[in-house]
Amino acid sequence: MFLSKLFLPITKNLPSDAKIKSHQLMLRAGMIKQSSAGIYSWLPIGLKVMKKIEEIVREEQNKIGAQELLMPTIQPAEIWKESKRYEDYGEEMLRIKDRQGREMLYGPTNEELITDIFRSSIKSYKSLPQMLYHIQWKFRDEIRPRFGVMRCREFFMKDAYSFDVDEANAKISYNKMFYSYLKTFKRLGLQAIPMAADTGPIGGDLSHEFIILAETGESKIYTDKSIFKIDVNNYNFDIKSLEKMRNDFSSVYAATDDKFEQIKFDKLVTKQNQIITKGIEVGHIFYFGDKYSKPLNCFIDNKDGKKNSVKMGSYGIGVSRLVGAIIEANYEKEVMKWPKSISPFDVVIIPSISKNNKENLTKSLKLYDDLKKQNIDVLLDDVDENMSQKFKKHDLIGIPYQIIVGSKSTESKIEFKEINSESSFIDFKEVKSKIKS
RNA sequence: CGGAGCGUAGCGCAGCCUGGUAGCGCACCUGGUUUGGGACCAGGGGGUCGAAGGUUCAAAUCCUUCCGCUCCGACCA
């Protein structure tokens, strides 16, 4: 892609109502545009990043055997009345009426809908377990949306649902999802801590929040340094190993504000190991048994011929929130720095261009073509402006690697720079391995 | 929902108190100079001053109502 052709409305002035860094940077880099309170349009590079996150989430869901489907954003009120949540959910649910006066709502979550889908077709224990998920827009009419895409009313979310014959099996599904979440966040370049959590309006008795550390986080967290030593890559995807992983995590103290107990904390964690910080919740998983399957009559025939309510869990990842959360976790001053896995481009070529000297541009075009041929997603800054302006701009956009073609270039070597660090001179052959490593 | 504040060019703001027909910076357009860390010179375009009503010879400015947005708090993926 040529920068001159890219729809990328960068601004120097930052809008006064953006208070946290990710929001400011996203607006300045032309990733999003607010449409109304807590509702945003996603502009090309913002969308590109979000799509990459979505794809990683999808791949990791598929890997553990979850199957993707797609449910609508607009749901009938009827099933919510069945589960008794139509009243419970309160003002946060956006209720609408269609032309026939039927009560509808813009889905804030999908337990009812998925249970309805499931109950209408699955009748036997033989069909279980199942894990289904979708990645879809949701709407919760937040009292006070804020922090850009981090606390939106409309947001993009992956939500998965597990169906099992009994609690023991449901916990196996729960552990699989737990594992998948750790893998997902790791691929996104994030250090996520699973924490025992309250279940809120979703309900249930087993629940974990996945929280990444960031100063601007909304949750205060208390944990033990040693939790960072637990590496998901040391576990296998089998029942025993997953159970061990869960046990290893629960053996380390980790709590959010609402569950925090000072005495317990001091007793279980040595002073040197205590970490008190803030974090952003990027995922939440629940086991809630038959909380929805019972009122919605979602039963299966068991081996013994008796009917049994299906045991369910639900598992969310805030995909749009992650875009902001990743910025919060990675930014340095005015520099966004995308993890390679989700950067809007793999590399940017920055030539020094002047009216009388197009040599650098010609060189850059050749590099551009060569990189394209190697399947590298490359941006070429073909705009005729001062190098200093270009550098500032690319620091803002945050593509992790830069190739600079200018006065310091030589015939044989490429000036290669990792964002926010010193450049070095390398052979063109090495570029791909640097970028893809 | 309680408290506070804002709405004037795409963005950031001044003007409002004390009414007289709108200005600055950035961005944008034209020409020239420049080109390794947010350039320079010259010229130019862009506004129903959030909306409606009222007061007045005259309203961005005063009054009323409405709408939108933000911040602090209680609540949440």
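Numbered from 1 within each chain, the chains take letters A, B, ... in sequence-line order.
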Between [M] and [N] - [atom1] atom distance, rounded Å:
| N | M | atom1 | value |
| --- | --- | --- | --- |
| rA39(B) | rU21(B) | P | 36 Å |
| rA27(B) | rC71(B) | P | 27 Å |
| rU55(B) | rU64(B) | P | 15 Å |
| rU61(B) | rA52(B) | P | 12 Å |
| rG5(B) | rA77(B) | P | 33 Å |
| rA58(B) | rG3(B) | P | 38 Å |
| rC28(B) | rG73(B) | P | 38 Å |
| rU8(B) | rU48(B) | C1' | 12 Å |

Send over the distance from [X] [atom1] to [N] [atom2], rounded to a whole Å.
| X | N | atom1 | atom2 | result |
| --- | --- | --- | --- | --- |
| Asp381(A) | rG37(B) | CG | P | 16 Å |
| His394(A) | rG36(B) | NE2 | C1' | 13 Å |
| Glu92(A) | rA74(B) | CD | C1' | 13 Å |
| Tyr106(A) | rA77(B) | OH | C1' | 15 Å |
| Glu385(A) | rC28(B) | CD | C1' | 14 Å |
| Leu8(A) | rG10(B) | CG | P | 20 Å |
| Lys19(A) | rC6(B) | NZ | P | 13 Å |
| Ile135(A) | rA77(B) | CD1 | C1' | 15 Å |

Nucleotide forming a Watson-Crick or wobble pair with [N], both distances under 3.5 Å:
| N | result |
| --- | --- |
| rC62(B) | rG54(B) |
| rU30(B) | rA42(B) |
| rG7(B) | rC67(B) |
| rA14(B) | none |
| rG2(B) | rC72(B) |
| rG36(B) | none |

Which is true for [X] with a 4.0 Å heavy-atom rule: it touches a base, it touches only sugar-phosphate, or it touches nothing?
| X | value |
| --- | --- |
| Arg153(A) | nothing |
| Lys390(A) | nothing |
| Asp159(A) | nothing |
| Ile317(A) | nothing |
| Thr11(A) | nothing |
| Ile404(A) | base |

Mutual orientation of the aromatic rings belonging to Phe156(A) and Trp137(A) [parallel < 30°, tilted 30-60°, perpendicular > 60°]: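 Rings of Phe156(A) and Trp137(A): tilted, as their planes differ by 30° to 60°.
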
Geometric class of the Tyr292(A)/Phe288(A) ring pair [parallel <30°, tilted 30-60°, perpendicular >60°]: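 Rings of Phe288(A) and Tyr292(A): perpendicular, as their planes differ by over 60°.
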
NZ or CZ of Arg95(A) within 45° of Tyr86(A) ring axis and under 6.0 Å: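 Cation-pi check for Arg95(A) and Tyr86(A): passes.
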
Arg246(A) charged N/C atom sitting above Phe178(A) aromatic ring, 6.0 Å / 45°: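 Judged by the rule (NZ or CZ under 6.0 Å from the ring centre, within 45° of its axis), Arg246(A) counts as positioned above Phe178(A).
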
Counting only side-chain heavy atoms from C-beta out, which of [options] sits nearest to [X]?
| X | options | result |
| --- | --- | --- |
| Gln34(A) | rU70(B), rG25(B), rG36(B) | rU70(B) |
| Ser388(A) | rU35(B), rG38(B), rU70(B) | rG38(B) |
| Asn13(A) | rC69(B), rG36(B), rC26(B) | rC26(B) |
| Arg140(A) | rU70(B), rG36(B), rA77(B) | rA77(B) |
| Arg146(A) | rC71(B), rG36(B), rG37(B) | rC71(B) |
| Ile143(A) | rC75(B), rG38(B), rC11(B) | rC75(B) |
| Asp17(A) | rC69(B), rU35(B), rG38(B) | rC69(B) |
| Glu142(A) | rG37(B), rA77(B), rU70(B) | rA77(B) |
| Ser354(A) | rU35(B), rU70(B), rG38(B) | rU35(B) |

Side-chain donor/acceptor contact of [X] with base of [N] under 3.5 Å:
| X | N | value |
| --- | --- | --- |
| Ser407(A) | rG36(B) | yes |
| Lys417(A) | rG37(B) | yes |
| Glu415(A) | rG36(B) | yes |

Sidechain N-carboxylate O distance under 4.0 Å for Arg28(A), Glu334(A):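 So Arg28(A) pairs with Glu334(A) through a salt bridge.
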
Check ion pair Arg187(A)-Glu59(A) (N to O, under 4.0 angstrom):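 Looking at Arg187(A) and Glu59(A), the cut-off is met.
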
Test item: side-chain donor near acceptor, Asn233(A) and Lys183(A), under 3.5 Å: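 The criterion, which ignores hydrogens and geometry beyond distance, is satisfied for Lys183(A) and Asn233(A).
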
Results of ring-ring contact (aromatic ring centres under 6.0 Å, His included) for Phe147(A) - residues two or more places apart only: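 ring-ring contact (aromatic ring centres under 6.0 Å, His included) check on Phe147(A) returns nothing, list empty.
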
All ring-ring contact (aromatic ring centres under 6.0 Å, His included) counterparts of Tyr368(A), not counting sequence neighbours: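 In terms of ring-ring contact (aromatic ring centres under 6.0 Å, His included), with neighbours along the sequence ignored, Tyr368(A) is linked to Phe2(A).
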
Distance test, side-chain N/O of Arg144(A) to OP1/OP2 of rC72(B), below 4.0 Å: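 Yes, Arg144(A) has a side-chain N/O under 4.0 Å of OP1/OP2 on rC72(B).
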
rA27(B) OP1/OP2 closer than 4.0 Å to side-chain N/O of Lys12(A):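 Result: yes.
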
Where do N or O atoms of nucleotides 30-33 of chain B meet protein N or O atoms at under 3.5 Å, pair by pair?
none

5'-most by nearest nucleotide on RNA chain B - Lys408(A) or Val149(A):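 On the 5' side of the pair lies Lys408(A).
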
First encountered from the 5' end of RNA chain B, between Ile10(A) and Ile353(A):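 Mapping each residue to its closest nucleotide by heavy atoms, the 5'-most match is Ile353(A).
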
Ring centroids of Phe155(A) and rA77(B) base under 5.5 Å with planes under 30°: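 A stacking contact exists, since Phe155(A) sits close and nearly parallel to the base ring of rA77(B).
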
Donor-acceptor pair, side chain of Arg321(A) and main chain of Met157(A), under 3.5 angstrom: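 Looks like no, no N/O pair under 3.5 Å.
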
Within 6.0 Å of CD in Glu78(A), more than 12 heavy atoms from elsewhere: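 No.
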
Crowding at NZ, Lys372(A) (>12 non-hydrogen neighbours, <6.0 Å):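 Yes, NZ of Lys372(A) has more than 12 neighbouring heavy atoms, counting only those of other groups under 6.0 Å.
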
